[in-house]
Amino acid sequence: GDEVTIVPWRPFQDLDQLAYPFRDSDCIVALGTIGFISEVQRRKAWVPGSIATFRNYECTSYYPAFGRYLLNADYIMLPLGDIRRRFKCLQRMLGTESLFVRPSSGRKPFSGNVLRDITDLQIIDRVSPETLCVVSSKKALACEFRYFVADGQILDGSMYYNAQGVHEPINVKDCKGEDAWQEMLCATHLEEILAEIDWAADGIFTIDMVYADINSYGDKSPFVMEIGAFSTSGWYGASPSKILPTVRELALVEWRDCNG
């Protein structure tokens, strides 16, 4: 019963140049790239417009909440420019030659990378040296799952990576064999985390869980890898029928609050 329109937006394109049947007064939830959603938030009066409170997706916001449950719990935060200056020091501090580096910003000015040498920093040289980054040791990943979360509950999820490499994402209920076992462990652990931590980025958001070996001894466990905004997260194999009713309710509540 919801109207959906797909628009071919390009980076830096004016939203008013796009053809869509919505008025500024309509109840709209936009989905798309971080660039597109950022533009919607800047330029459109839609309510809610998007579900993406970007400041809550900064590592500085949610790392303190999830703390010991994080895959990168051994993290160090510092400006990108200091990573170049202190690269060997960071290797010694983390006890590894391979460093994982990602931006703290939820707007992701660059993708996370594993850097083995200071020359690898050329990958992200285009980013401002003042950019706050997370640095941690490299981890061995087995499976990755994305869960949609609202009101402290898992609505649905999808597996989008396993030890055999990237494959066609599938709904968690369709996981088989070892993948199904790892998914059960990740989902159970996430439920325990949600019951313990009274924190939410938005009314609905995503949490990526990973089954990983953090010490290279072969002892794998489930961890929180990162959280993501609903409006900018891929659905992979998650079921719209289990997610959209919550999105619809959240959107209508906010729209009615704004429109009396």
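Numbering starts at 1 and runs along the sequence shown.
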Could you state the interatomic distance from [atom1] ([X]) to [atom2] ([Y]), rounded to the nearest 0.5 Å?
{"X": "K138", "Y": "L115", "atom1": "NZ", "atom2": "CG", "value": "11.5 Å"}
{"X": "S136", "Y": "L71", "atom1": "OG", "atom2": "CG", "value": "7.0 Å"}
{"X": "C143", "Y": "Y211", "atom1": "SG", "atom2": "OH", "value": "9.5 Å"}
{"X": "L190", "Y": "L185", "atom1": "CG", "atom2": "CG", "value": "12.5 Å"}
{"X": "C175", "Y": "W181", "atom1": "SG", "atom2": "CH2", "value": "14.0 Å"}
{"X": "S61", "Y": "I227", "atom1": "OG", "atom2": "CD1", "value": "8.0 Å"}

Are [X] and [Y] close enough that some pair of their side-chain heavy atoms sits under 4.5 Å apart?
{"X": "I83", "Y": "I118", "value": "no"}
{"X": "I37", "Y": "I34", "value": "no"}
{"X": "I28", "Y": "V47", "value": "no"}
{"X": "P103", "Y": "V134", "value": "no"}
{"X": "M209", "Y": "E144", "value": "no"}
{"X": "F110", "Y": "V101", "value": "yes"}
{"X": "Q153", "Y": "L194", "value": "no"}
{"X": "R86", "Y": "M93", "value": "yes"}

Problem - Pairs flagged by side chain to side chain donor-acceptor pair (under 3.5 Å) wherever residues 194-208 is involved - sequence neighbours left out - result: T53-D202, Y57-D202, Y69-E196, R146-D208, Y160-D208, T206-S233
Practice task
Before accepting this row, confirm whether a basic side-chain N of the pair K108/E226 lies closer than 4.0 Å to the acidic partner's carboxylate O.
Solution key: yes
Handout entry: Ion pair check, R55 and E58, cut-off under 4.0 Å
Key = no
Problem - Derivation and outcome, side-chain contact (heavy atoms from CB on, under 4.5 Å), residues C133 and M77 - result: CA-CA 6 Å; C133 296; M77 288 195 190; over 6 Å; no
Practice task
Tell me, with the steps shown, if F145 and I207 meet side-chain contact (heavy atoms from CB on, under 4.5 Å).
Solution key: CA-CA 8 Å; F145 305 93; I207 298 183; over 6 Å; no
For [Y], does its backbone N or O pair with a side-chain atom of [X] as donor and acceptor, under 3.5 Å?
{"X": "D156", "Y": "I154", "answer": "no"}
{"X": "N171", "Y": "G237", "answer": "yes"}
{"X": "Q91", "Y": "E97", "answer": "yes"}
{"X": "N259", "Y": "R256", "answer": "no"}
{"X": "W255", "Y": "W46", "answer": "no"}
{"X": "T131", "Y": "L80", "answer": "no"}
{"X": "S231", "Y": "A30", "answer": "yes"}
{"X": "D120", "Y": "R116", "answer": "yes"}

Practice task
Using the test side chain to side chain donor-acceptor pair (under 3.5 Å), find all partners of S128 that sit at least two apart in sequence or belong to another chain.
Solution key: E130
Problem - Under the side chain to side chain donor-acceptor pair (under 3.5 Å) test, residues paired with S137 that sit two or more places apart - result: D74, K139
Handout entry: Co-members of the apolar cluster containing F100 [side chain, <4.5 Å]
Key = V114
Linking I/L/V/M/F/W/Y whenever any side-chain heavy atoms sit under 4.5 Å apart, do [X] and [Y] land together?
{"X": "L252", "Y": "L244", "value": "no"}
{"X": "I193", "Y": "L70", "value": "yes"}
{"X": "L121", "Y": "L94", "value": "yes"}
{"X": "V135", "Y": "F87", "value": "yes"}
{"X": "F230", "Y": "F36", "value": "no"}

Tell me the closest heavy-atom pair linking [X] and [Y], and the distance in Å.
{"X": "A150", "Y": "L155", "result": "CB-CD1, 4.0 Å"}
{"X": "I204", "Y": "I51", "result": "O-CG2, 3.6 Å"}
{"X": "Y63", "Y": "N72", "result": "OH-ND2, 4.1 Å"}
{"X": "V172", "Y": "S158", "result": "CG1-N, 3.4 Å"}
{"X": "A238", "Y": "I243", "result": "CB-CD1, 3.8 Å"}
{"X": "P48", "Y": "V29", "result": "CG-CG2, 3.8 Å"}

Practice task
Quick one: do E254 and L250 satisfy side-chain contact (heavy atoms from CB on, under 4.5 Å)? Show the steps, please.
Solution key: CA-CA 6 Å; E254 185 171 345; L250 290 169; over 6 Å; no
Practice task
Check ring-ring contact (aromatic ring centres under 6.0 Å, His included) between F148 and all other residues, then give those that pass, not counting sequence neighbours.
Solution key: W235
Problem - Sequence-distant partners of F54, ring-ring contact (aromatic ring centres under 6.0 Å, His included), two or more places apart - result: none
Exercise for the section: Examine the side chains of S241 and S239 and answer whether a donor and an acceptor come within less than 3.5 Å of each other. Expected result: yes
Practice task
Check the side chains of Y147 and E183 for a donor-acceptor pair under 3.5 angstrom, ignoring hydrogens and angles.
Solution key: yes
Problem - Over 12 non-hydrogen atoms of neighbours within 6.0 angstrom of CG in D151 - result: no
Exercise for the section: With side-chain contact (heavy atoms from CB on, under 4.5 Å) as the test, would you mind laying out the steps for N113 and L99 before giving the verdict? Expected result: CA-CA 8 Å; N113 287 277; L99 302 178; over 6 Å; no
